[in-house]
Protein chains: 2
Amino acid sequence: MYTQANTAAAAKVKIKAGFGLDKCNKLQELPCSTRGSFKQNCNCCSMHIVCLAKSVGEESRQVLNGFIQHPRPLRKGEHFYRQNDDFVALYVVNSGAVKTYFINQQGEEYITGMYLPGELFGVDGMDIGRHRYSAKALDTSSICEFGYSNLEQSCQSFPDIQRRLTEILCAEIFQKQQPLLSMRQNSAEQRLATFLTDLSARLQSSGLSATEFNLPLSRRDIASYLGLVEETMSRTFSRLQKRQIVRVSSRSVIITDLPALQALSMNRC
Amino acid sequence: MYTQANTAAAAKVKIKAGFGLDKCNKLQELPCSTRGSFKQNCNCCSMHIVCLAKSVGEESRQVLNGFIQHPRPLRKGEHFYRQNDDFVALYVVNSGAVKTYFINQQGEEYITGMYLPGELFGVDGMDIGRHRYSAKALDTSSICEFGYSNLEQSCQSFPDIQRRLTEILCAEIFQKQQPLLSMRQNSAEQRLATFLTDLSARLQSSGLSATEFNLPLSRRDIASYLGLVEETMSRTFSRLQKRQIVRVSSRSVIITDLPALQALSMNRC
DNA sequence: CGTCACTTTGACCGATTTCAAGGCTGGTGG
DNA sequence: CCACCAGCCTTGAAATCGGTCAAAGTGACG
């Protein structure tokens, strides 16, 4: 599971122990126990409130349900798709976390996105038929797969599916990229604060804890995502901890002063 | 017109004179003389190769043509829409240039986009029904307006319109934001080089000159767009000029060594 | 127990920002 | 026609933030 790796470690830590890691990133009270099963359907999935099937009519949901696929969950480090693979489907994270990235000619890796349960990925390449990025599991992750040819057909018959898809595309533009956009001229501290508050909000909207969680990304990846280097990231975490705004121990984070963190980030439009 | 303001000024400049400013940012050889007229249609518009009506069938174009509006051209500084206005339509720049931006609680302005002839704007707010940004004419600008309710209906009947719209949304995500994304850890020089080569390519694809043009944005705006300050921008322009890569005089730019500029930018994925 | 990946910390350096001043340009009104 | 003003652009000097290089600590795993 998500926290497995850290619990043993945390027990050894003196002051930092007792973070309640065992509660981190676990879903609260699912309406029915489908989690863990590879055969799910949207009616019985706690994600439908956020995923592609959100706010579409009953009939539309049945349609989606008809062609949805559930590939086997991938372990940490395995790829859902790679740069230049054919674009064949859109995906929704069911559990775990996924990062997308690309590697340029110089061999440098750029993190382009991080996706949490209920969030849709795979849009890169929707227009050109080939993926621009690679998508990799950050933890053991299960997903729902929506074949694009099926999806495109459904959109023609069911306007609400089309509307929802368009809505998601727009969200992809604004909720994900715009925080980064407006982050360009901000300090390392502001960027990290923005990253953490954003992450917190997204976890909460999937029914997870807003103040205690594990970071899906390593320091290096967060740094890359925020346009900084590993060392700066580490120093910035340390500074926020010294100021009692967060407590961090490796991947686990407790936000102890969310208002302060939000005040630091302040870049909503 | 676009260059009117600068020509007189440039005549006074000694060494910098003779830039051919009168050729800047003017369309080359329009197929028919609709430019300047407020009543246009897509069949007779030189933009159809790039705008929303690109690569849709004959019948679809007639449909678009049926509900397209042409509001009066706005002068520099006037707004097409403002933050929080209701989202009612998508727009395509016909002539001139448009910037989108927002102002946060602290009163700081963030440039979110710059749109040239043939490019679509107004997507901000498509999902939430209210505009997140303001859109302002950078010069006297005319646009085509596609009412969204009409557009949405057309999409249902004409899959190629839907496909084109989706394509444009994806382009909005990737062609516009991703260069900036990968620009985060680059130097001021690389960022400016990327900005200029990108601008050059976009102007060219609308039939304008790739090497001689006027900057639609002020130094301050370019700086904001690239995550830098005005002074750094100015210094960077000076440095590129000293190295004979560009010649600049206020808003007018001549790229004298495009390969060198492209070599500096190198941040395609 | 050793290795490896990840993280933290320190010292130094350089690019960009900040602060400050001055120049240029276009518009306004006398 | 000229003086003045405001906005935009440029340049210089000093300060600061983040990057680079180097070293050491930590936990996971075989």
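All chains are named by letter (A, B, ...) in the order of the sequence lines, taking the proteins before the strands, and each is independently numbered beginning at 1.
Take A:F237 and apply the ring-ring contact (aromatic ring centres under 6.0 Å, His included) test, not counting sequence neighbours, and it matches no residue. Annotation: salt bridge (Lys or Arg N to Asp or Glu O under 4.0 Å) contacts of B:R235 (sequence neighbours excluded): none. Shown here are the side chain to side chain donor-acceptor pair (under 3.5 Å) partners of A:N84, two or more places apart in sequence or in another chain: A:R130. Under the side chain to side chain donor-acceptor pair (under 3.5 Å) criterion, B:E189 pairs with B:R239, B:R243, not counting sequence neighbours. With sequence neighbours excluded, no residue satisfies salt bridge (Lys or Arg N to Asp or Glu O under 4.0 Å) with A:E108. Remark: B:K136 pairs with no residue by the side chain to side chain donor-acceptor pair (under 3.5 Å) rule, at least two apart or across chains. Listed by chain and number, the residues in a side chain to side chain contact (heavy atoms under 4.5 Å, CB included) with B:E78 are B:R72, B:L74, B:R75 (sequence neighbours excluded). Partners of B:T100 under the side chain to side chain donor-acceptor pair (under 3.5 Å) rule, at least two apart in sequence or in another chain, are B:T112.
Protein atom CG of B:L215 is 16 Å distant from nucleotide atom P of C:dT25, rounded to whole Å. Atom CD in B:E109 sits roughly 10 Å away from atom P in D:dC8 (whole-Å rounding). In this entry the distance linking CG of A:L217 with C1' of C:dA5 reads 16 Å, nearest Å. Between the C1' atom of D:dT10 and the CZ atom of B:F237 lies a distance of 13 Å, rounded to the nearest Å. Between the CZ atom of A:R219 and the C1' atom of C:dT8 there is a distance of 9 Å, rounded to whole Å. One can place CZ of A:R220 at 13 Å from C1' of D:dT20, the figure rounded to the nearest angstrom. The distance from atom CZ of B:R251 to atom P of D:dG7 is 15 Å, rounded to the nearest whole Å. As a whole-Å value, the separation of B:L192 CG from C:dA15 C1' is 16 Å.
Counting only distance, with no hydrogens or angles, the side chain of A:S141 and the backbone of A:A137 share no donor-acceptor pair below 3.5 Å.
The pair A:R220-A:E230 meets the salt-bridge criterion, with a side-chain N (NZ, NE, NH1 or NH2) lying under 4.0 Å from an Asp/Glu carboxylate O.
Considering only side-chain N and O atoms, A:S250 lies nowhere under 4.0 angstrom from the phosphate OP1 or OP2 of D:dG27.
Judged purely by distance below 3.5 Å, without hydrogens or angles, the side chains of B:D85 and B:H131 never pair a donor atom with an acceptor atom.
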Each nucleotide N or O in nucleotides 23-25 of chain D that has a protein N or O under 3.5 Å away: list the pair and distance.
none

Polar pairs (N or O, both sides) under 3.5 Å between protein and nucleotides 20-24 of chain C?
none

Grab the N/O contacts between the protein and nucleotides 15-19 of chain D below 3.5 Å, and write none if there aren't any.
| residue | atom | partner | partner atom | Å |
| --- | --- | --- | --- | --- |
| D:dG18 | OP1 | A:A188 | N | 2.5 |
| D:dG19 | OP2 | A:V229 | N | 3.4 |
| D:dG19 | OP2 | A:T232 | OG1 | 2.4 |

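How far CD of A:Q204 is from OG of A:S209: 8.0 Å, rounded to the nearest 0.5 Å. Distance CG/A:L240 to CG/A:D257: 10.5 Å, rounded to 0.5 Å.
Of all the heavy atoms in B:H79 and B:Y101, the pair that sits closest is NE2-OH, 2.6 Å.
Relative to the axis of its first five pairs, the axis of the last five pairs of the helix from C:dC1-D:dG30 to C:dG30-D:dC1 sits at 30°, rounded to 10 degrees.
Looking at heavy-atom distances under 4.0 Å, B:S218 makes contact with sugar-phosphate atoms alone, never a base.
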